[in-house]
Amino acid sequence: MTRKIRIVHCGSLYNCVCKVLVFCLGMGLLSIIRKIKKKEKEMRILMVGLDNSGKTTIVLKINGEDTSVISPTLGFNIKTLTYQKYTLNIWDVGGQKTIRSYWRNYFEQTDGLVWVVDSSDLRRLDDCKMELDNLLKEERLSGASLLILANKQDIKGALAPEEIAKVLNLEAMDKSRHWMIVGCSAYTGEGLLEGFDWLVQDIASRIYLLD
């Protein structure tokens with residue numbers, strides 16, 4: 001469920017900023033003020049999910065890089081790329097069980113959260129749901145737009161996005177959360193642009209209110 005924000009046009013810049021800030025309470029006020037002031041045109045994206053869900057392949061595919069040889073991410077990778085008129089700083093963090101407790105080190109100033117699901121790994125979907133639930137309890141991520149990528153749709157037997165949404169119980173999510181689930185294939189690239197288009201536009205509508 002996406003909440004729409006009405007932008008109020010007013011006589012002076014001061015009054016306009018004041019009205020915008022009223023609408024933005026509870027959405028990471030300090031971060032919004034900083035971005036409005038500096039007009040950075042930058043977005044910080046945190047990409048997480050269980051190991052082998054396809055996170056690194058997705059980042060490389062979006063950036064037009066070779067995906068033929070992918071090694072497991074044991075720590076994190078940072079990829080900076082231009083998408084539409086924005087600069088995306090994507091933090092691709094490893095999903096092995098032994099390092100998930102370190103995810104919290106990457107939460108600060110996150111504008112968008114990408115949760116990648118291996119739709120063909122039916123055995124670990126409960127684990128996937130538990131880890132996502134834990135992430136969504138984090139106060140530092142409370143204002144971040146959430147994109148769920150139901151990856152590996154090209155694999156026979158993979159669950160459809162609607163089925164993944166039921167398993168993850170997404171409809172029970174806090175109504176203030178902006179979220180979307182998209183079926184995709186990191187291998188073919190299908191669905192990736194649709195997902196990132198939504199994510200970038202949703203973040204922009206929240207933090208670049210004075211554009």
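Along the sequence shown, residues carry numbers from 1. Quick note: numbers below take in every heavy atom, side chains included, and nothing from hydrogens, waters or symmetry partners.
Salt-bridge check for K129 with D133: passed, with a basic side-chain N closer than 4.0 Å to an acidic carboxylate O.
A donor-acceptor pair under 3.5 Å links the side-chain atoms of D111 to the main chain of R44, judged by distance alone. In this structure, K152 contributes its side chain and A186 its backbone to no donor-acceptor pair below 3.5 Å. The main-chain N or O of G143 is found under 3.5 Å from a side-chain atom of R206 such that the two form a donor-acceptor pair. The closest donor-acceptor contact from the side chain of E65 to the backbone of T57 lies at 3.5 Å or more, if one exists at all.
Between the CZ atom of F196 and the CG atom of L149 there is a distance of 6.0 Å, given to the nearest 0.5 Å. To the nearest 0.5 Å, the span separating CG on N63 from OG1 on T80 amounts to 9.5 Å. For the atom pair OG (S185) and NZ (K61), the distance works out to 8.0 Å, reported to the nearest 0.5 Å. Note that NE2 of H178 is 11.0 Å distant from CD1 of I203, once rounded to the nearest 0.5 Å. M43 CE to I207 CD1: the interatomic distance, rounded to the nearest 0.5 Å, is 5.5 Å. Atoms CD1 and SG, on I58 and C184 in that order, are 4.5 Å from each other to the nearest 0.5 Å.
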Next on the checklist: Show, in sequence, the C-alpha distance, side-chain angles and deciding distance for N77 and V59, and conclude whether the side-chain contact (heavy atoms from CB on, under 4.5 Å) test is met.
Outcome noted: CA-CA 10 Å; N77 299 312; V59 175; over 6 Å; no
Next on the checklist: The test is side-chain contact (heavy atoms from CB on, under 4.5 Å); show your working for D127 and D121 and say whether it passes.
Outcome noted: CA-CA 11 Å; D127 193 17; D121 189 358; over 6 Å; no
Next on the checklist: The test is salt bridge (Lys or Arg N to Asp or Glu O under 4.0 Å); show your working for D51 and R100 and say whether it passes.
Outcome noted: CA-CA 10 Å; D51 51 296; R100 291 175 200 167; 3.4 Å; yes
Item to check | Test log, rule side-chain contact (heavy atoms from CB on, under 4.5 Å), inputs V167 and E163 | outcome: CA-CA 6 Å; V167 172; E163 296 172 298; 5.6 Å; no
Checklist entry - Are I90 and L81 close enough, and set up right, to give a side-chain contact (heavy atoms from CB on, under 4.5 Å), and what steps lead you there? => result CA-CA 8 Å; I90 302 178; L81 55 94; 3.9 Å; yes
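Looking at I62 and L193, their side chains come closer than 4.5 Å, going by heavy atoms from C-beta outward. A heavy-atom distance below 4.5 Å is found between the side chains of E194 and M180. At least one side-chain heavy atom of E131 sits under 4.5 Å from a side-chain heavy atom of L50. With contacts defined as side-chain heavy-atom distances shorter than 4.5 Å, the pair L135/F107 qualifies. Contact check for V117 versus L125: side-chain heavy atoms found under the 4.5 Å cut-off. For the pair L147 and W179, the minimum side-chain heavy-atom distance is 4.5 Å or more. Counting only heavy atoms from C-beta outward, the side chains of W103 and L141 never approach each other to under 4.5 Å. L146 has its side chain within reach of L136: a pair of non-hydrogen atoms, C-beta onward, lies under 4.5 Å apart.
Nearest heavy-atom pair, S142 versus E139, reported as atom, atom and distance to 0.1 Å: OG-O, 2.8 Å. Here the shortest heavy-atom pairing between P161 and V182 reads CG-C, 4.4 Å. Smallest separation of non-hydrogen atoms from S120 and D118: OG-OD1, 2.6 Å.
In terms of hydrophobic clustering, with Ile, Leu, Val, Met, Phe, Trp and Tyr side chains grouped at heavy-atom distances under 4.5 Å, I78 and V48 are assigned to a common cluster. When hydrophobic clusters are built by joining Ile, Leu, Val, Met, Phe, Trp and Tyr residues whose side-chain heavy atoms come closer than 4.5 Å, directly or via intermediates, Y187 is not grouped with I164. At a threshold of 4.5 Å between side-chain heavy atoms, the hydrophobic network of Ile, Leu, Val, Met, Phe, Trp and Tyr places L122 and L132 in one connected group.
Summarising the local packing, OH of Y106 is surrounded by more than 12 heavy atoms from other residues, nucleotides or ligands at distances under 6.0 Å. More than 12 heavy atoms of other shown residues, nucleotides or ligands fall within 6.0 angstrom of atom CD in E138. Annotation for R140: atom CZ counts as buried by contact number, over 12 foreign heavy atoms lying within 6.0 Å.
Judged purely by distance below 3.5 Å, without hydrogens or angles, the side chains of Y83 and D197 pair a donor atom with an acceptor atom.
In this pair, F76 and W91 present their aromatic rings parallel. The plane angle is below 30°, not in the 30 to 60° band.
Between L113 and the options L199, I148, L46, I45, a side-chain contact (heavy atoms from CB on, under 4.5 Å) holds for only L46.
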